[in-house]
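In what follows, a single structure is set out as C-alpha cells and then discussed.
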Amino acid sequence: MTKDEVQGATEEEQAQSKKGLKKQQKEAEKAAKKAEKQAKLAADQQGSEEEDFAKDRYGVPLMVLPTKTGLVDQLIWLRARVHTSRAKGKQCFLVLRQQQFNVQALVAVGDRASKQMVKFAANITKESIVDVEASVRKVEQKIESCTQQDVELHIERIFVISQSEARLPLQLEDAVRPDGEGEEEGRATVNQDTKLDNRVIDLRTTTSQAIFRLQSGVCKLFRDTLTNKGFVEIQTPKIISAASEGGANVFTVSYFKTSAYLAQSPQLYKQMCICADFDKVFCVGPVFRAEDSNTHRHLTEFVGLDIEMAFSYHYHEVIDSITDTMVQIFKGLRDNFQTEILTVNKQYPSEPFKFLEPTLRLEYTEALAMLHQAGVEMGDEEDLSTPNEKLLGRLVKEKYDTDFYVLDKYPLAVRPFYTMPDPNNAKYSNSYDMFMRGEEILSGAQRVHDAQLLTERAMHHQIDLEKIKSYIDSFRYGAPPHGGGGIGLERVCMLYLGLHNIRQTSMFPRDPKRLTP
Amino acid sequence: MSMYQVKPVCGSLLKPDLPTCMYTLPNIHGQQGNSCTSDLCSEHALQNGEVDPAVKALEARQDEILRKLYELKAAVDGLAKTVTTPDADLDLTVSSSLSSQSPSSTTFTGVTNLDTLLGKDLGALRDIVINANPAQPPLTLMVLHSVLCQRYRVLSTVHVHSSVSNVPPQLLSCLGPRHADSYARQMFQLGFTLIWKDVPKLQMKFSVQNMCPIEGEANVARFLFKLLSPYPSDAALATLVDSWVDMAFFQLAEGSAKERAAVLRALNSALGRSPWLAGQEFSLADMACYCCVLQSGPASSTPSNVQRWLKSCENLGHFSPAKPFLQ
C-alpha cells in the first residue's frame with residue numbers, strides 16, 4: 001500500500017450524494033481507519049524501508065551461487081553453517097563452520113548493514129546453511145576459539161539457504177567436549193547413545209570429521225600399498241550357502257524358498273581365488289558376525305580388509321608382506337594426517353602410535369616366557385586371554401617401545417581346522433596374530449592346501465564334512481601353498497587413534513542392540 | 001764232597017764287543033778293589049751322602065741347560081705375542097686369515113656361561129634390545145657384536161622406530177646380512193636387536209622385570225664385553241681398563257679439543273710401555289679407545305705410538321664392522 005492509494009481513497013469521498021454520504025461517511029470512516037492503519041503500516045514500512053538501505057543484502061532467497069576467491073582484504077562468497085550467533089548491541093558475531101574449520105564473522109550496523117540485518121543475523125538458527133559475501137580482514141589479536149585465528153569476515157551480504165529447526169537434539173560443542181572437562185566444569189557432554197541416535201548431527205563435529213577422514217586414508221593406503229605390491233582386488237559374495245567358521249555366529253536370511261547365510265569372512269573365496277591362480281589378492285567388504293557380544297570392540301557388521309597370497313619358500317613371506325603393508329599405512333597416516341590426529345586428540349587424548357620397521361616378530365614361546373616372568377602362569381598350549389594379551393602388549397611396549405607386533409607360531413590346539421601345522425613341531429602351527437596397543441587386530445595363518453590333510457584336520461576337529469564339502473573340493477585340482485589374514489578397518493582406526501569404543505570409528509554402527517540409523 | 005768236574009764250555013778270556021758310542025768309565029768295583037790295599041780302599045770309598053764330583057758336574061750342566069731352555073721358551077712366548085700384532089709391514093690379508101681362524105680364543109680367554117650371566121633360559125630367546133640414535137652410531141657396540149657372533153649363535157635384527165623418518169642404508173645393514181635361520185628364533189642363544197630411535201642417550205634393555213635400562217655406550221659396552229670374557233681378576237688392572245673406557249667415551253668422544261689432545265698424549269705414553277693399553281692382552285680398553293680415537297678426529301695428528309697401536313688393532317680384524325662409519 002502506497003501513499004498514492006491512500007490519497008485516492010479520500011478524493012473519492014467528496015464526489016458522492018447526501019444519502020450515500022452517510023453511508024459513504026461510514027464507509028469513509030471505516031476506510032479512513034483502515035487507511036490510517038495501512039498508512040501507518042506503510043509509513044512504518046516505508047520508514048523502515050527508508051532506513052533499511054540494506055534490504056537487498058539479506059533475506060531468504062531461492063538460489064544463490066557463490067564464487068570462491070579468498071585472500072585478505074578481498075570480497076568473497078562463502079557457503080557455510082552457522083555454528084553460533086551472538087548479538088551484542090549493534091553487532092552480531094557469528095561463527096561460520098565448514099567441516100573441521102570455523103571462522104569468526106561479524107555483522108555490524110554501519111553503511112553496509114542495517115539494524116534489521118543485524119537482528120536477522122542474530123536470529124538465524126544454529127546449523128542453518130548460509131551464503132555470505134564478506135571481506136576478509138586481518139585481526140590484531142588471535143581469535144582463540146576458531147581454527148582460522150588470524151582473520152575474520154566482515155559480512156556485506158548474508159542469505160539463509162537452508163534453515164535448521166530451532167531445537168537441536170544435541171549441541172555440537174557438547175558433543176566435542178572431552179569427558180573429563182565436562183565433569184570438572186559442570187558442562188554437559190553427550191552420551192554415546194544420543195550421539196549414535198542423531199548420527200547426522202554428531203558426524204558434523206570436528207572430531208568425527210577427523211576420524212572418518214583418517215579412516216578413508218587407511219582404506220586408500222591399504223589399496224595403494226597392496227596394488228603396488230602386485231595384488232589384485234577382488235569382490236567376494238556375502239550371501240553364502242554354508243557357514244564357513246562354525247554355525248553359531250552367522251546371520252540367516254531367507255533366500256526365496258530356502259535360507260542362506262551372511263558371510264562371516266571372505267576366507268573361502270579368497271582361497272578359491274588363489275587356487276584359481278590369482279596369486280595375490282585382497283578384498284575390502286562388509287563382514288557379518290552374529291555374536292551377542294556387547295563390548296567396546298565388537299560390532300555385528302564391520303568392514304574387513306582381507307589379504308591372501310601364495311608364497312614361494314616360507315610362510316614368513318606372507319607375514320612380511322602383511323606387516324609391511326601395515327607399516328606403510330602407519331607411515332602414511334603419520335606423515336599425512338597429523339591435523340586429523342591432533343583434532344581427535346583434543347577430545348580424546350592418547351599417546352601417539354609407535355611402531356618399528358621391520359615389524360617386531362616374537363614367538364609364542366617367548367611371549368609365554370615374558371608372561372611367566374611377569375608372574376602369569378599359563379599352559380604351553382593355552383590360548384591368550386584378553387587380559388593376558390593386554391599385559392603382553394604392555395611388556396612388549398616396555399622392552400621394545402612398539403605398539404604393533406606379530407606373535408608367531410601359535411599352538412595348533414587353539415587354531416581353526418584349516419591352519420597348517422608346523423612341520424618341525426606337531427604342537428605348534430604356522431599361524432600368527434598381530435596386535436595393536438595390546439589388542440588383537442589380525443588372526444592369520446598358512447592354510448592347509450592339501451585336500452587329504454584338510455579332511456583329516458576337519459575330522460580331528462569333529463566338523464561335519466558334508467557342510468564343508470565345497471571348501472575341500474576347491475583344493476582337489478592343484479592348490480599352491482598360501483596364507484593370509486584379515487583386519488577390521490574400524491578396529492585398526494580405533495587402536496591407531498587410541499580411542500576406547502569401536503562405535504566411534506564406525507559411521508553407522510551395528511551391534512546386537514542397534515539397527516538404526 | 002767232590003763234584004763233577006766239567007770241562008769249560010767257553011773260552012776263559014772272551015773279549016766282549018764293547019760299543020764305541022758310550023763313555024767308557026773306569027770300573028768302580030773291580031779296579032778299586034784291585035789297585036788298593038785293603039786298608040787304603042776305605043779312603044777312596046765314598047762317604048755317606050758324598051757325591052762323586054763327576055756326577056756333580058753333570059748335574060750342574062743339566063741344570064744349566066734346563067735353565068737356558070726355560071729362558072728361551074719365555075722369550076719365544078713373548079715374541080709370539082708380538083707376532084700376532086705385527087707392524088705395518090705385514091700383509092693385512094695374511095694377518096686377517098691368521099686372525100679369522102680363532103681370534104676370540106686367543107684374544108678373549110676365560111670361561112663364560114650365558115646361563116650364569118644372563119639368567120636361566122626359559123625356553124625363549126634372550127633378546128638384548130639397544131636403542132641408538134642414528135646421528136651417533138655406536139661403533140664399539142657393532143665391533144662387540146661381531147665378536148659375539150663368533151662366540152655364540154646370535155640372532156641380529158635392525159629396526160627403525162617410528163620416531164625417526166629415515167635412516168641411511170648403511171645403518172640398516174650394520175649388523176651384517178640376515179641369518180638364514182632367522183625364522184626360528186629359538187635356535188639362537190642370544191638376540192641382538194638394534195633399534196634406531198630418536199633417543200637422547202643410547203639405551204639398552206634386557207630383562208624388563210629384573211633390570212633397569214642401561215644408559216650410555218660405555219656401560220653397554222662393559223655389559224656386552226662381560227659376555228665374552230670376564231674382567232681381569234686383578235683389581236688394579238680391571239680399574240685401569242675401566243678408566244681407559246671412561247676416558248675414551250667422555251673425553252675423546254665428547255670432550256673439547258684440549259681434552260682430546262691430553263688423552264692422546266696419555267695414550268702415547270701408555271703405549272710406549274706395553275703393546276696394549278691394559279698390559280699384554282687386548283681388552284675392552286683398546287676397543288673403546290680405538291673407536292673413539294678414530295671417530296673424533298683425523299689420523300694425522302696422532303702420536304707415533306698411538307699410530308702403531310692403531311695399526312695393530314686394525315690388523316686384528318675385529319674392527320671391520322666399524323670401517324664404513326669412519327670415513
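Just so it is clear, the model here is predicted, and its values are computed rather than measured. A, B, ... follow the sequence lines: proteins, then strands. Residue 1 opens every chain.
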For atom CD of A:Glu351, decide whether the heavy atoms of other residues, nucleotides or ligands shown that lie under 6.0 angstrom number more than 12. no
Give, for atom OG of B:Ser162 and atom CZ of A:Arg334, the distance between the pair rounded to the nearest 0.5 Å. 6.5 Å
Could you look at A:Asp320 and say if it's the side chain, the backbone, both or neither that has a heavy atom under 4.5 Å from chain B? side chain
Point-to-point distance, once rounded to the nearest 0.5 Å, from NZ of A:Lys399 to CD1 of B:Ile128: 8.5 Å
Tell me, side chain or backbone of A:Ile319 under 4.5 Å from chain B's heavy atoms, or both, or neither? neither
Measure B:Val158 against the heavy atoms of chain A and call it side chain, backbone, both or neither at under 4.5 Å. backbone
Less than 4.5 Å to any heavy atom of chain B: does that hold for the side chain of A:Tyr364, its backbone, both, or neither? neither
Whether the side chain of B:His161 engages the backbone of A:Leu356 through a donor-acceptor N/O pair (distance < 3.5 Å, no angle test) should be reported. no
Can you give me the closest heavy-atom contact between B:Asp127 and A:Tyr400, atom names plus distance? OD2-OH, 2.6 Å
Hey, which of A:Thr359, A:Asp401, A:Leu368 has the most heavy atom pairs under 4.5 Å with chain B? A:Asp401
Could you look at B:Ser165 and say if it's the side chain, the backbone, both or neither that has a heavy atom under 4.5 Å from chain A? both
Counting heavy atoms not belonging to A:Lys427, are there more than 12 under 6.0 Å from its NZ? yes
Rounded to the nearest 0.5 angstrom, the CD-CG distance for A:Glu357 and B:Leu172 is 8.0 Å
